[in-house]
Each structure stands twice: as C-alpha cells, then as structure tokens.
Amino acid sequence: MSPLRPLDQSSKLKDVLYEIRGQALVEADRLENEGHTILKLNTGNPAVFGFEAPFQIVRDMIEAVPHAHGYSDSRGIMSARRAVVYRYEQDPTFPSFGPDDVYLGNGVSELITMVMQALLDEGDEVLIPAPDYPLWTAMTSLGGGTPVHYLADEQNGWQPDLEDIRAKVTPRTKAIVVINPNNPTGAVYSREVLEGIAEIARENSLLVLADEIYDRILFDDAVHIPMASVAPDLLVLTFNGLSKTYRVAGYRSGWLVITGPKDHARGFIEGITLLASTRLCPNVPAQHAVQAALSGVQSIDALIGPSGRLHEQRDAAWQSLEAIPGVTCVKPQGALYAFPRFDPDVYEIRDDAKFVYDFLVAEHVLLVQGTGFNWPTPDHVRIVTLPEARVLTEAVERLGNFLSSYRP
Ligand code: PLP
C-alpha cells in the first residue's frame, strides 16, 4: 500500500469562521468532561435553558412522523408553505407572494448557504453588517464572494451607518444583508434606517437579504418593520424560522420568502430551486411543525411582555453589565443577546478570543468574543440572555470581578 497522502481541508474554507462554536467551546467541553459545571452562554439555544417547545408543535410533529417518512417536494410540503403565506398575509404591509415563492430549509442556516452558493461568483461583494451573525460572512466566503462589512453605530443604538454603507458600495456589490432584530446587538432598526438601506439598494440595483429570525422577539415599545414592506419594489429574500420564536432550534426548520420583481432574477431563482432539489428536501417531520406554529397561539408573547421571562432576563443582564465600571451596553430591544463594550481606556484587552478563553478557564462561563461577529476591535463580547435572571446576574458579576484583575 502506498503511504497515506496528507488530507487537509479545502482552500475554500480559508475564510470560513464560526467562533460561536470555536476553540473556546472545545475547551469548555473538555472542562465539562473533567467534571466541571460550565455555563455556556455561547449559543442562542432556548431548549437548554428550560424553554419548552409549545405543545401543539410537538404534538403535530409526532402525529406526522408515521406518515412523513418519504421525501417531499424540494421547496417543502404545501401545507407548510401555505402556512408561511398565511403568516405574512396577516401583515397588510408585506408584499403578497404565493407558495411557490417559499422555500423551506433545515433551519435558516441551510437556506443562507444555498442562497449564497446560488448568487455569488468569484469577487462579487456582499455588504454585511459589523457586528453580524457570522454565518453570513462565512457563507459569502464559501460561495466565492467577498464580504464587505458596513458598520453599525454603537453611539446610535447600533443602527446601521448609512454613510458607511454608501461609501462601501462598488460596481461588484451584488447584495446587502440586513439582520433585524440584530444578533449580536439586539438592535431593532428604525423605519428611517430601513428606508435609507432600501434607497441605497434601489440606486445600486442590489439584492436585499433580510434575516428576520427574531422578528417576534421584541422588548419595550420596539416595533419590527419587515424589510420587504419597506422595499416592495425590490427583490427581497426574507429568512425566518422556528428556532427562536417557537423554541424548537433542534427541529431545524426555517423558511425563505421571495418578494418583489423577479423577472430580472430568473436565473438566480432557478439556481436556488436547483440547490433545493440537490438536497432533495428538508427534514419532513419538522416541516409538519410549521403549520402548527404559524397558525396557533403566539406563545412567545407571554415571554417578552413586561413580566415575561425573556424580558426579565434581558433587564437582569443589561443592568448588571452597566453596573461594572468601564462597561457599557446598549439596551437590547430584541433578540436573545447583549453585546457590551469594555472601555479600552480602562481594560487592556488586546486579543478578545484570549480574553474569552481566560475567562472560561477562570470562571467557567463561556462567552463569544466580539471579533467572532466581525466586529473590528477587541472590545466587546456577546452574552446569551437565555438563562434565568439570577444565573445571568451571577455570571455578569463574575465577569466584572474577572475584568477588575485581568492582565493579558
Ligand atoms: N440568523 C440569525 C441572525 C441567527 O441568530 C441564527 C441562529 O442563531 C440563524 C440565522 C440560524 O438559525 P436556524 O436555527 O434557523 O438555522
């Protein structure tokens, strides 16, 4: 037998990063295996923090299982796609579309991957917010494109900086990604900003990719305005799913909706259909959860109201972060995260990945560094606000103690 040839990952993965499950998680798992208790605040996975899946969703999926053992249509089963149409019909501002404009996926994640593969050629640029949900950057790179990050302005409640977006458009810019409500900042975008983004997209013939997976997780008086409603004259792809609002992240169930003019984009849409068919179909039992979720009681409402668990936890995390000297945090208006800033004049953090690692080893709490969200400077971390308020308060207190004596 000839000697085994070394096998490395493909060069396509050179710029594919996903620090939410990066090296620090490997160390966290190792510590757990040694018998330590680790508080993992790295992923927005409601189930592990005691959030139960709504009963109707579980029941419908279980009832479907005996009849859901065959492949389905590549776009997804008709009843689920109709349920998606029905969901958006309840909002009269949302442009109308039919079941053939809906693609179901194994989570939004799979749909992001498919769309970027269908869209991009070498050197095509995609405008992506900084900070971002890093899958967008990773899948742009994997698709052969170039991620170009536009800044969200922390001084302005993390709203996207329209001037920065405008300055970064080039003849190679093909699309703009809008994540609203935002992960990791918790910002909910104003109408003015969304209209500004739509205007830039209009002027430069950009495809708009709207990740709205947190559109029902809103606090205080925050109102979510769908990107598609602000830009009915543009091709907008809206992404959403069951992972967060319906607390069934493990079912892997999401959807993509195409609205606006399509004639100029037939080839691209055929590309999405082709890729949807190459993966045959999304997991069929989980597709049966979609109709139950979208036509039933919106049980998330009780969790986000003033005395709801998610609301209390957001408050606890934000208040305890703000109580640490030299730490500030824009109060999250939506989603499941806080993204505090460590004043560089007070704390000397040159490598935020090392900081997160050191904090994990010392205090057994796992966070994710801000640069993991493509934030340019090492002065932020992301905290998942899913644990109960007292657990969050204690974790943030440990962060404060650790910071006060941290020497890199
Ligand atoms: N988009 C955003 C902004 C997210 O935060 C997440 C998960 O955290 C996803 C997409 C992926 O969600 P899914 O579970 O549907 O793949």
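In what follows, every heavy atom counts, from backbone to side chain, and hydrogens, waters and symmetry copies are set aside. By convention here, the first residue in the shown sequence is residue 1. Order of appearance sets the numbers: ligands from 1, and atoms from 1 within every ligand.
- At a cut-off of 3.5 Å, with distance as the only test, no side-chain donor of D161 or Y150 sits close to an acceptor on the other residue.
- Not a single heavy atom of E110 sits under 4.0 Å from any atom of ligand 1.
- The nearest heavy-atom contact from the protein to atom 11 (C) of ligand 1 is S109 OG, 3.4 Å.
- Not a single heavy atom of W136 lies less than 4.0 angstrom from ligand 1.
- Under a 4.0 angstrom heavy-atom cut-off, G107 registers as being in contact with ligand 1.
- Between R166 and E203 there is a salt bridge, since at least one side-chain N of the basic residue sits less than 4.0 Å from a carboxylate O of the acidic one.
- Between F339 and W158, the ring centre distance stays below 6.0 Å.
- For ligand 1, the polar-atom distance check finds no N/O of S253 at less than 3.5 Å from any of the ligand's N/O atoms.
- The pair K244-D215 does not count as a salt bridge, with every side-chain nitrogen at least 4.0 angstrom from each carboxylate oxygen.
- For K244, a nitrogen or oxygen atom sits less than 3.5 Å from a nitrogen or oxygen atom of ligand 1, counting backbone and side chain alike.
- Looking at atom 4 (C) of ligand 1, its nearest protein heavy atom turns out to be Y214 OH, 3.6 Å.
- Atoms of ligand 1 lying under 4.0 Å from at least one heavy atom of R252, given by number and element, are 13 (P), 14 (O), 16 (O).
- With hydrogens left out, the protein atom closest to atom 2 (C) of ligand 1 is D211 OD2, 3.3 Å, a heavy atom.
- Counting only heavy atoms of the protein, atom 12 (O) of ligand 1 lies nearest to I213 CD1, 3.4 Å.
- Ring centroids of F373 and W136 are separated by 6.0 Å or more, keeping the two rings apart.
- Ranking the protein heavy atoms by distance from atom 9 (C) of ligand 1 puts Y133 CE2, 3.6 Å first.
- Polar contact with ligand 1: present for V108 (N/O pair, distance under 3.5 Å).
- Side chains of S299 and R247: a donor-acceptor N/O pair is present below 3.5 angstrom, by distance only.
- At least one heavy atom of S243 sits less than 4.0 Å from an atom of ligand 1.
- Side-chain contact check for Y189 and N182: at least one donor-acceptor pair (N or O, by modelled atom type) lies under 3.5 Å.
- Residues Y406 and F355 place their aromatic rings such that the two centres sit under 6.0 Å apart.
- The distance from the CG atom of L151 to the CH2 atom of W375 is 5.5 Å, given to the nearest 0.5 Å.
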